[in-house]
Amino acid sequence: MKSGLSKALVTGGAGFIGSHLVDTLVKEGCDVVVLDDLSAGSLSNLDHVKDKITFYKGDIQDQNILMKASENCDVIFHMAALVSVTKTVDNPVDSAFINDIGTLQVLESARQSKVKRVVLSSSSAVYGDDPFLPKHENMPPKPMSPYAVQKLTGELYARIYYDLYGLETVCLRYFNVYGPRQDPSSPYSGVISIFITRAVSKKPPVIYGDGKQYRDFVFVKDVVKANLLAAIADGAAGQIFNIGTGKNVSINSLWDMTCLLSGLNIKPEYAPPRSGDILESVASIEQAKSALGFEPDYLFEKGLEITFKWYKDSRK
Ligand code: UD2
């Protein structure tokens, strides 16, 4: 698909998802500006496009730098955030400055710079442990961490900016995103990045609980596609969309598939379930399909294979 965007700002563009979006925008010939404080993202994610983008190292709480970075942009993709749920639990106030005030500053800069649309990255975390499946956008949110409250607050501000100021905002609730460049280094990193790293070093993974819990894993390139559609779709403004695949994969079968890809036969170790772990999560993507024309391109097997190859090659 071609989005036809001429200039875009990506906050958090040096991060895992942001850098993939930057790649696609650059390929499309879009003039790309990245604002990232490099607290979680890395310049190595942008090394191959560094001559083709404008990069600002800075904080989304800094209105001056945001105004400069958003000048003449058609759209802002707001991806910068403190994404670790545990860090927001440990630092509820500091994280609110980044995730709430930062988001508010992004919206305010967009309003002042007369940017047409802002696409905000939200999270399935806003659903909490509501057992209703699949999760759909009209369910009452049930945030269970400062992170989830902060994401929900961002969505509410986005709605208010649309209603009060006519700034077109679109919020995307990502389910479990995976793919190349996801950082596997913390025990709370995405399970796919952890499992593949274990497989590449021929070590068993730890499965918390019985491994029958499942998630809706969505490949990062499909998340990029959803962002581009959200930036251009008529009638999407003021709305919230789940971004997943509508399919689920259990943690046990994730390890089985990882073993198949790596030619290993290693039995996982089992440990007690993580406290607060949600058992089942799967998205309804009907609204994204009908309003954005979103359809994931990557079957799970394909996305996992690409991701596995990337971790294997980057280890060399
Ligand atoms: C996701 C988000 C998290 C938060 C949460 C809200 C990611 C990476 N994490 O957590 O930030 O938004 O949703 O609902 O997107 N597991 C293992 N072994 C491991 C690591 C994980 O068994 O070494 C299990 C874990 O207990 C869980 C499942 O794998 O049942 C998925 O874990 P996760 O941390 O990748 O994602 P999730 O959905 O718990």
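Both ligands and their constituent atoms are indexed starting at 1 by order of listing.
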Heavy atoms of other groups near Y157 OH, more than 12 under 6.0 Å
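Counting neighbours around OH of Y157, 12 or fewer heavy atoms of other residues, nucleotides or ligands fall under 6.0 Å, so no.
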More than 12 heavy atoms from other groups under 6.0 Å of NZ on K142:
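Yes.
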Numbered atoms of ligand 1 (with element) below 4.0 Å of I251, judged on heavy atoms
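Those of ligand 1 that fall under 4.0 Å from I251 are 22 (O), 28 (C), 29 (O).
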Which of the numbered atoms in ligand 1 are under 4.0 angstrom from any heavy atom belonging to V206?
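Result: 17 (C), 18 (N), 19 (C), 22 (O), 23 (O).
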Mind running ring-ring contact (aromatic ring centres under 6.0 Å, His included) on F175 and F217 for me, showing each step along the way?
CA-CA 7 Å; F175 279 65; F217 293 108; over 10 Å; no
Would a search of protein heavy atoms around [atom] find one under 4.0 Å away?
atom: atom 9 (N) of ligand 1; result: no
atom: atom 4 (C) of ligand 1; result: yes
atom: atom 36 (O) of ligand 1; result: yes

How does [X] reach ligand 1, by side chain, by backbone, by both or by neither, if only non-hydrogen atoms under 4.0 Å count?
X: V177; value: neither
X: F195; value: side chain
X: V191; value: both

Between K50 and D47 (salt bridge meaning N to carboxylate O under 4.0 Å), is one present in this structure?
yes
Between the side chains of R215 and D277, is the shortest nitrogen-to-carboxylate-oxygen separation below 4.0 Å, so that they form an ion pair?
yes
Find out whether M144 and I278 are in side-chain contact, i.e. whether some heavy atom of one side chain is under 4.5 Å from a heavy atom of the other.
no
Are any non-hydrogen side-chain atoms of Q239 and Y162 less than 4.5 angstrom apart?
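No, too far: nothing below the 4.5 Å cut-off.
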Ligand 1 to [X] polar contact by distance, N or O atoms, under 3.5 Å:
X: S124; result: no
X: A125; result: no
X: R215; result: yes
X: N176; result: yes

With ring centroids as reference points, do Y178 and Y298 lie under 6.0 angstrom apart?
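Aromatic pair excluded; centres sit 6.0 Å or further apart.
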